[in-house]
Structures are given as structure tokens and as C-alpha cells.
Enquirer: 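Quick one: structure below, then a few questions.
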Protein chains: 2
Amino acid sequence: MPSITVENYLKRIFLEQQESGGEIVSMGRVAQAMGVVPGTATTMVKSIAESGWAHYEARKGVRLTEKGNRMALAILRRHRVIEVFLVKILGFDWTEIHEDAERLEHAVSDRVLKRIDDLCDNPNVDPHGDPIPSATGEFRSRPQMTLFECPIDQPIRIARVLKQEPDFLQYAEEKGLVPGAWIRVIERNPIADAVTLHLQNRGQITLGGKVAADITVE
Amino acid sequence: MPSITVENYLKRIFLEQQESGGEIVSMGRVAQAMGVVPGTATTMVKSIAESGWAHYEARKGVRLTEKGNRMALAILRRHRVIEVFLVKILGFDWTEIHEDAERLEHAVSDRVLKRIDDLCDNPNVDPHGDPIPSATGEFRSRPQMTLFECPIDQPIRIARVLKQEPDFLQYAEEKGLVPGAWIRVIERNPIADAVTLHLQNRGQITLGGKVAADITVE
DNA sequence: TGTCTGATTTTGGTCAATCAAAACCCCCGC
DNA sequence: GCGGGGGTTTTGATTGACCAAAATCAGACA
């Protein structure tokens, strides 16, 4: 029922909401996430609210309704199942699938998704390590920390790589910085805005704060 | 990069052109095929022509350019490869895949199509028996025969009705003897100058030679 | 408490795709 | 050769998605 554009707004708003622990999401943030000018975000969100997908509070922000949440989860599910399909069945590298999943998620019907899901053995995480909402809309996200918050000098496992830029993912892949990999944070230097970590038999690397904040571990 | 809408126009125009043996396609026909009002077809076709996909002659019709042809073939290829995928890999019935293919064809990138094509063993016909254009744009439209020359007792599809007499067309329409309809030739009797055919759940009829020679099938 | 600044909303405009209905043109039959 | 009629084009309007820039508001800070 929602247009492709609205689907993207719903997904984005949902993810931003998650990111900020359920807080109301500002228009600036929506605009940023959608890559549009703030005025556009305002008008779109207002119309989305009018269709019952979200609550909109002027000069505060937006928060999905129950209905909007369900819809967003369905879209997220499509996206992530497709990502698994692209990697597991079509043999793509997990670093290069985002774009395609982004387009396909708006074109697969429920029946097709069901078959693809079965074909992939009903996965519950995508190739980035992100959890896949169930068909009935359940969505558990285990407590995760960024590389900034996690304990130092302890073996921990990479849960998710939030960054989507292909060249960063490429780099991450090269370094073995992938979901599931075991690492150890050696040093964290807030002044230098740097986090140094040790990767299993791959030596160690130092990341800037911007990147470190986009990698979560569990 | 054509929009989804333009892609559909290109595909439709291409198919209509095929159907009528390369003739110029009237606006009425485009409108009909696209399910829009004639005025819409006119404006869209004009803009398509302006982008170099087609030649448009006012009050005559439209014909694809070389570039438009290539584009149309690429779209047709996507559509048909996806149809094979839906049947062969996902296990759908060939009668229920059109809708989904119609939506997916605008969302698969070249790289994804390539992998899907390989996964399906590079088919060259789709589940309806329609030929799939090659990746390089070659397209062997299936040879057409009259009802006099075609194989007997095999499902074949009506390609063109050459006869133009209104009362015959009326009759043909009534009987479901229209382009695209699936039939089976039951018997051919040269002495009696008659061809008997079976129409999908419309029973069977017998035509004289003069008429039979003016209907082509593939 | 008043002001300033940055985020947000409004306003006015564009582009793509569509429809309804009026205007138009061309060919066919008389 | 003239007039109709049917297909085609135009015109005017709408809807969705967007931008630029002006207007507005709210919270911070003095």
C-alpha cells in the first residue's frame, strides 16, 4: 500500500528510532537519513502521519504508530532476507549487496519472500549480523555496545557493522572486521579519538571514533 | 536510465510492434496496452521520443529507435529470466508468476540478473515458451506459421490475425480467436479445405482454408 | 526577560505521470 | 467534394516527491 518512497521513510524512521533507544526522531535526522532537504522531510512525515503510520508532533519530531512499526518491520525483513539470498544463493560478497537489496526490497511480494526465505533456510540474521524480524513481526535486538563502550582487553565478538559505504566494507572485509569475528580492544584514546584493536591473527588496527561508533559488539 | 514507467512503455511498444510485424504502433494501441487514457500515451510517447528511444509521427504512431530496441530487449530479458527463476528455483507455477516478474524486472541490476541467469542454467525460453533475448541483445522471434503449416495436436499460440473484415473479426473475437490465445489444431483436411481447432475452454470450431491461411501462430 | 541562533515549517515552484474533456484532424462514405 | 465520426492531440488540473529560500519558533544564554 505505501509507495516506495514512504516505505523508505518508514524503514529509516524505524532504524533511527532504534538507534536512539525509542526516542522521538527529529525532522533534521529524518532529512539527513533520507538524503533530502528538511522541508521535504516535514511534508512527507506529515502525510505519513495522516495515513496513520506515525505520530507527528510539530517542532518535536516523529514516532511510528503500532501500524507503522509493523510495516517497518516487514520492510526490514524483506531487506534482510534478500541480503541473505544475495550472499547465500547468488554468491555475492556481503560487502556489495546493500544497493541491490535496497531496490529489491520494494519489489518482492509476500509469496516470493516466503519462498526465498525457505530457500535460505529461514535465517534470523543477515550477512551484516543484523537480526531479521520474523514473519509475524517479532524483533529481538540483543544488548549491544559500540567499540567505544565495550570492555577493554577482553575477547569480544563483532555483532554488527552499521556503516554501509562499500569502500569501508571492503576495507573491513580485508581486515577481517566482519560480524562474528573475535577481537580485543587494546586501547581507547578519547583525546586522539581513536580505538586500537587486535584482530585474531590479523594484527591490529586503529580506527577513528566515527567508524568505531558504527561497529557494535556483544 | 529510464524510469519504471518508461521501461514499461518501451517494453509494451516493442511487443506491440512485434505483434504487428514491425508496423508503426498507434497511440490507441499504446494506450490500450498500458491501460491509460489516449492523451497520456501521446504525451508519454512524445517525451520518450525526445529522449531518443523512439520515433514519433503525429497522428501515425510510434516506432522504437535502435537504442529503444536495445533497451526494450534488455527489459524483456530481465522479465523472462526472472520468470524462469520464479518457476525453476522458487517453484512457482508458470500460470501465476507474471505479476511478480512484472515488478521484479525493474529492480534487478545487471549483476544480479547475471547470477540469476547462471543459477537457472542460462535458459533461452521462459516458462510460457517465449524466447529470451540474449545478454547481447540478440532476439530470435519465433518463426510464425499459418494454421495450414503448424504442427497438429500441439498447444500453439495465435500470433496475428491478418484478416481485417469487421464481421470476421467480430466472429473471431467472440470465439476467443485472438492474438495470444492458446489453441490446438485437431485436424486438417485438405480435401475439405478445412482446419478444425480446439480453443481453450471454448470448445472447437472449423475454419475454411481462406480464413485459416490468414491466421498465423507461433 | 529579551535576544539570538539554529532547527523547523511554510511558501512557491518544478518535474513526472496521470485523467477528463474539449479541440482537432483525417479519411470514408455519400 | 463535403460532412461526420473516430482516433489523436491539447488543455487544464491533480497528485506525489522534491528543492530553494523565506518565515517562524523555541530554547539557551546573557
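Since we're looking at a predicted model, the values are computed, not measured. A note on names: the letters A, B, ... follow the listed sequences, proteins ahead of strands, and every chain is numbered from 1.
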Enquirer: Can you confirm whether Glu149(A) is buried at CD, in the sense that more than 12 heavy atoms of other residues, nucleotides or ligands lie under 6.0 Å from that atom?
Expert: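 Yes, because the 6.0 Å sphere around CD of Glu149(A) holds more than 12 heavy atoms from other groups.
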Enquirer: Could you tell me how far apart Met34(A) (CE) and dT8(C) (C1') are, to the nearest whole angstrom?
Expert: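 Between C1' of dT8(C) and CE of Met34(A): 18 Å.
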Enquirer: Under 3.5 Å, is there a donor on one side chain and an acceptor on the other for His79(A) and Asp126(A)?
Expert: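 Result is no, nothing qualifies.
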Enquirer: Taking only the side-chain nitrogens and oxygens of Thr5(B), find out if one of them lies under 4.0 Å from OP1 or OP2 of dA17(C).
Expert: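 Yes, because at least one side-chain N or O of Thr5(B) sits under 4.0 Å from OP1 or OP2 of dA17(C).
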Enquirer: Under 4.0 Å: is that the gap between some side-chain N or O of Thr40(A) and OP1 or OP2 of dC19(D)?
Expert: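 Yes, such a contact exists.
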Enquirer: A quick test of your reading: do over 12 heavy atoms of other residues, nucleotides or ligands sit less than 6.0 Å from NZ of Lys67(A)?
Expert: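 For Lys67(A), atom NZ is crowded (more than 12 foreign heavy atoms under 6.0 Å).
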Enquirer: Whole angstroms only, please: what is the CD1-C1' distance between Ile24(B) and dT8(D)?
Expert: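 Atom-to-atom, Ile24(B) to dT8(D), this comes out as 13 Å.
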Enquirer: Contact class for Gly39(A) (heavy atom, under 4.0 Å): base, sugar-phosphate, or nothing?
Expert: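 Touches a base.
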Enquirer: Please determine, for the side chain of Ser26(A), which listed nucleotide (dT8(C), dT18(C), dC19(D)) has the closest atom?
Expert: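 So the side chain of Ser26(A) is nearest to dT8(C).
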Enquirer: Run the salt-bridge test on Glu83(A) and Arg78(A) with the 4.0 Å N-O cut-off and return the result as yes or no.
Expert: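 Between Arg78(A) and Glu83(A) there is no salt bridge, as every charged N stays at least 4.0 Å from the carboxylate O atoms.
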Enquirer: Between Glu16(B) and Ala33(B), which heavy-atom pair has the shortest distance, and what is it?
Expert: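 Nearest pair, atom of Glu16(B) first, then Ala33(B): OE2-CB, 3.7 Å.
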Enquirer: CD of Glu7(A) versus P of dA17(D): gap in Å, rounded?
Expert: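 After rounding, the gap between these two atoms is 11 Å.
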Enquirer: Give a yes/no on whether any side-chain N or O of Thr42(A) is located under 4.0 angstrom from OP1 or OP2 of dT10(C).
Expert: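 It does not, given that no N or O in the side chain of Thr42(A) lies less than 4.0 Å from OP1 or OP2 of dT10(C).
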Enquirer: How many whole angstroms separate atom CE of Met27(B) from atom P of dC19(C)?
Expert: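 After rounding, the reported distance stands at 15 Å.
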Enquirer: Please determine whether a side-chain nitrogen of the Lys or Arg among Arg77(A) and Asp117(A) lies less than 4.0 Å from a carboxylate oxygen of the Asp or Glu.
Expert: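 So Arg77(A) pairs with Asp117(A) through a salt bridge.
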Enquirer: Using a strict heavy-atom distance below 4.0 Å, which residues from residues 43-60 of chain A are in contact with DNA chain C?
Expert: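 Within residues 43-60 of chain A, the residues near DNA chain C are Lys46(A), Tyr56(A), Ala58(A), Arg59(A).
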